[in-house]
Visitor: 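Quick one: structure below, then a few questions.
Chain letters run A, B, ... following the sequence lines, proteins first and then strands; every chain starts at 1.
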Amino acid sequence: MALDDVYTEVLGEHSRNPDHKHKLSCATCQMKGKNPSCGDEITIELQVEGGIVKDAAFTGIGCAISQASTDIMAELIRGKSVEDARRLANKFISMIKGELVDEDELEELDEALALKNVAHMPARVKCAVLAWHTLDDALKDQK
Amino acid sequence: MALDDVYTEVLGEHSRNPDHKHKLSCATCQMKGKNPSCGDEITIELQVEGGIVKDAAFTGIGCAISQASTDIMAELIRGKSVEDARRLANKFISMIKGELVDEDELEELDEALALKNVAHMPARVKCAVLAWHTLDDALKDQK
Amino acid sequence: MADAQEFLKDFPLLNHNINGRKVAYLDNGATTQKPEQMIQAICGYYGGCNANPHRGAYALSIKATDIYEGARKRTAEFIKAKRPQEIIFTKNATEALNLVAYSYGLHNVHAGDEIVISISEHHSNCVPWQMVAKAKGATLKYIYLEKDGNLSAEDIETKITERTKIVAVTQVSNVLGLKNDVKAIVKKAHSVGAICVVDGSQSVAHMAVDVSDLDCDFFAFSGHKMLSPMGIGVLYGKYELLDAMEPFLRGGDMIEYVEEQDATWAEVPAKFEAGTQNVGGAAGLVAAIDYLEKIGFDRIEAIEADLLNYALPKLRELPFIELYGCDSTQDNKTGIIAFNVKDVHPHDVASILDNDGVAVRAGHHCAQPLHRYLGQNATCRASFYLYNTREDIDRWIESLKKVRGVLGYGA
Amino acid sequence: MADAQEFLKDFPLLNHNINGRKVAYLDNGATTQKPEQMIQAICGYYGGCNANPHRGAYALSIKATDIYEGARKRTAEFIKAKRPQEIIFTKNATEALNLVAYSYGLHNVHAGDEIVISISEHHSNCVPWQMVAKAKGATLKYIYLEKDGNLSAEDIETKITERTKIVAVTQVSNVLGLKNDVKAIVKKAHSVGAICVVDGSQSVAHMAVDVSDLDCDFFAFSGHKMLSPMGIGVLYGKYELLDAMEPFLRGGDMIEYVEEQDATWAEVPAKFEAGTQNVGGAAGLVAAIDYLEKIGFDRIEAIEADLLNYALPKLRELPFIELYGCDSTQDNKTGIIAFNVKDVHPHDVASILDNDGVAVRAGHHCAQPLHRYLGQNATCRASFYLYNTREDIDRWIESLKKVRGVLGYGA
Ligand SMILES: Cc1ncc(COP(=O)(O)O)c(C=O)c1O
Ligand SMILES: Cc1ncc(COP(=O)(O)O)c(C=O)c1O
């Protein structure tokens, strides 16, 4: 696998200049996620109203893969229903675990598709899925 | 090494019918010796008077090599001075460890010479020397 | 049985001449010999995949991690654990049992509580419980034996009580070779709210083990007694118990966060695996499991039963042989035979057999309480495995016939 | 230096192609690769001498005992212990340090006492002391660092006081690669009546160690970081201390007599070696010691110094590289270099280097307190050994130059 199949321009862009890396003043819920072995730590903040994720943002530290993955996720779920957001999270995790490869099925992941080759880097799978697991946890209690 | 170089007639005789395996009514000192890993346990009783080992006997359990070695030792040291007895004990131990091989030097060990091939059975060295170490301990405080 | 001949060729040591002849290795209860396939697995690991697992983002370290975690999964399947996380690697069965004593025992046993073990336990499943009982002011009670060497049914019924917090028993006695009905004992323990620790050291290489069916709370064994290298052992524990337990060894890889004064723990199983683990040993363990499963435990049990049924009548014909644990009318005798030669100390017996290239063990076999209970200072023990042949038995019996003569006794 | 090329051929893994090329293995701080001589020693043991040592009267068991006890003697000579009995085999350095914490620490540290360690300790020489301090109501104090990463001389002087019972320090930091003057620290500890535990995990494979000269009370290390198999470690302890200590793991082979309720202990070192030990690992350790001593530590130090002196100027030329522990003006820097690439997380660096076949480690290296102290969440670490070449360094540096580009940063 070539390096730039993983370290794509999309990933570089989102990790260098994340759009959603900031505090969310009107957050209705927040959730911490961590990878102690890497030292990755993020906090996701969500504004959920009427079953819709109105806004999403994050703070914290981590590698390019985890930072980009988090930023892309925040972008993707804005405006989605809680249900949809959780479905997307699980779809993304399946993609990174290499369980889901059907292009059509994956299409709705949009920019997050740029991370699909992390599936071939076992050491980095954890980095890519951190945000999405955290999101899923955060939304468990929302409805 | 042939088996009967170790399991000699002398050894068989002393292990089957030890002359000195009994309590000593007039003992002036006694000492326990043990090989926990084999389960060998002997108690040596000595009657020491005026610096002379007047009598020696033992009780306890153990393999043929340790029982014969103890009986032979008791026989050998009877009538010897404390000094001589300790010297003989150390000579015997050196023989079994394979450190002393000179026949002339060893001669005074007499019947105990029958055990010299135990030196070639590393697993049994402990059995052969148990009594002699115990004797040496017992006599340390005598003079 | 032609089977053993088929396997024998895989074991380089058994094809060697030692002091001019092949060894009739009958000390499998102490440790087994190793098949070439297992030895090659170790070499292959160190020659091609060696790295510190879990710690690196580079290819080799990932390979090592896969091997190590793959071994965990394979071991879980082997003993039918529900989840790989229920498998903790240790250095041997003894460490596994100590882990339970320290991390479960010291935290769950209190003054006035009781711990119940059997009189035939190996020291490794006895002395750690003495420690817990003493440290906590608890009572250590023993299940004694029926005349035939089996655990007393009455003791199991009466000694395990509402006060019992831990029951610890071996699945197969390493001296008497009798298989205990641990499933029933686990049930009894659970009925009073106690947990049950099973020592599988003498069973796991000889019969199919299903920890989920046994429903035991912990299960311990050593790799070296099942064709694997030394330095790798296994503790199975139910996830909820492991999850609730304090760690034992502390250091690298078992932590989550370490502050100057405090630390939090990694999840099970990492929580119990401090420091660099024996990945080479884990690779060897997998090769051994592969080897055993390819043969199948039905065949292994049949081979051992054949050897047992071949040996016992021959031994019974010898008037100067005393046997221990060989009278059970139950169908629970395994390929371990404890015996003595009349008038002759076991160490002399072992030395004389060794002179004929027959390796048996003499002593207390790390079971002093049992020996005291049997009124024996020491015994000899022959223990069989899948590569043993009837010829090994013949050599053993022939050599036994000489023993008394060598010491000057009549037959 | 042509030396490394000479040794390289002995290491099968380093001559393998992994993903199409040989690996530039620069993670020797985590574990070292294994020479063929060592691998063959393991095979030779399992193929020709395998038995349970100490337990049998037969020839094989005696051979195994000789190998195991011979390894103890050899190890004692290697680190210049006064008696073989002062060598306890464990599974790794972590177990060795836990043994001291449990068997010495919990019995000799009391409420109000102090334990002093350094901020650069590996978790394995830190978390066990947190446990002792908490269990006994003692205080755990830290020696912090000078600006250059060396232990603060002032802290050593002021923090080790009359209240100090244990001082525990590493001889070489596994992150900063700086050698500590442990001899002086031992002296200071003794002057206040404390004992000193030295973690030799990062030193013993790289420099001549003389525990008698250091006069340390305990010294711990792992075989796998010195060409040996995983699953074997060493605790050196002064005989009188070991002799007075309680056992740690309990079970077979560490006892003298076992009654139903009580047990007495075997003598040192058996007292601390419960259950079947890793004899194959001990055989491997001896082969590794032979290998190292044949080369000699002068040469090994020279090779590592050459690599260090070759790498450091090249790294300093790269404006985007931050180095840690590389400013010491003392002559105490070993072949371990911790670094970061500006703006790039260490894990991305490691992945990118891995893609070029360069193995370095990224993370906290089991030294979270140090990383927090340095204000770094994580670092990369390259660590050298005798088989590394200048070419390995070149490959590392070349790959480093690409890192920022891959992530879309300008150089
Ligand atoms: C300084 C130091 N101490 C202790 C250890 C622990 O060694 P092990 O993981 O082999 O127990 C290591 C290595 O991981 C180390 O570098
Ligand atoms: C029944 C039983 N339990 C425990 C052990 C201890 O195993 P290890 O010495 O490998 O720790 C043994 C073997 O020695 C055994 O036979």
Side-chain angles (χ1 to χ4, degrees), chain B residues 1-19 21 32-43 58-72 96 98 111 114-133, chain C residues 18-21 23 27 30 122-123 127 175 320 324 338 340-381 398-411:
Chain B
M1 187 203 48
L3 251 194
D4 43 10
D5 289 345
V6 169
Y7 290 100
T8 55
E9 222 156 284
V10 175
L11 182 140
E13 189 52 44
H14 279 280
S15 71
R16 286 194 314 279
N17 306 306
D19 293 327
K21 187 167 180 174
K32 264 199 167 190
K34 58 193 179 180
N35 267 340
S37 62
C38 321
D40 290 349
E41 276 186 18
I42 53 165
T43 302
F58 74 102
T59 53
I61 46 174
C63 62
I65 292 177
S66 95
Q67 293 276 301
S69 182
T70 312
D71 197 51
I72 291 171
I96 298 294
E111 271 203 322
L115 289 157
K116 82 164 175 285
N117 285 316
V118 175
H120 304 299
M121 292 176 92
R124 309 305 301 281
V125 163
K126 270 192 184 173
C127 312
V129 297
L130 175 62
W132 305 75
H133 272 303
Chain C
I18 296 172
N19 298 336
R21 71 166 83 64
V23 63
D27 195 16
H122 187 280
H123 294 157
V127 189
V175 178
F320 51 84
Y324 309 97
N340 264 324
V341 174
K342 218 171 123 229
D343 301 324
V344 184
H345 191 279
H347 277 103
D348 295 310
V349 177
S351 287
I352 294 167
L353 298 194
D354 179 46
N355 202 261
D356 287 332
V358 178
V360 302
R361 196 170 154 203
H364 52 62
H365 318 304
C366 301
Q368 289 184 8
L370 175 64
H371 277 82
R372 213 168 281 116
Y373 182 81
L374 295 173
Q376 297 298 322
N377 187 48
T379 55
C380 293
R381 181 186 72 181
E398 283 316 301
S399 190
L400 272 182
K401 289 181 186 161
K402 292 195 226 162
V403 167
R404 283 176 53 87
V406 168
L407 283 152
Y409 291 98

Visitor: Between B:Glu13 and B:Asn17, is any side-chain donor less than 3.5 angstrom from a side-chain acceptor?
Guide: yes

Visitor: Name the option with the most non-hydrogen atom pairs under 4.5 Å to chain C; the candidates are B:Gly62, B:Cys63, B:Ala68.
Guide: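 Option with the greatest count: B:Cys63.
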
Visitor: So which part of B:Ala123 gets closer than 4.5 Å to some heavy atom of chain C, the side chain, the backbone, both or neither?
Guide: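 Neither the backbone nor the side chain of B:Ala123 comes within 4.5 Å of chain C.
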
Visitor: Using a cut-off of under 4.5 Å on heavy-atom pairs, state which of B:Ile61, B:Thr8, B:Leu11 scores highest against chain C.
Guide: B:Ile61

Visitor: Considering residues at least two apart in sequence or located in another chain, which fulfil the salt bridge (Lys or Arg N to Asp or Glu O under 4.0 Å) criterion with C:Asp27?
Guide: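 With neighbours one apart ignored, the set is C:Arg381.
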
Visitor: Hey, is the main chain of C:Leu407 close enough, under 3.5 Å, to the side chain of B:Arg16 for a donor-acceptor pair?
Guide: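 Yes.
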
Visitor: According to ring-ring contact (aromatic ring centres under 6.0 Å, His included), who are the partners of C:His345, at least two apart in sequence or on a separate chain?
Guide: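 Partners of C:His345 by the ring-ring contact (aromatic ring centres under 6.0 Å, His included) criterion, ordered by chain and then number, come out as C:His347.
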
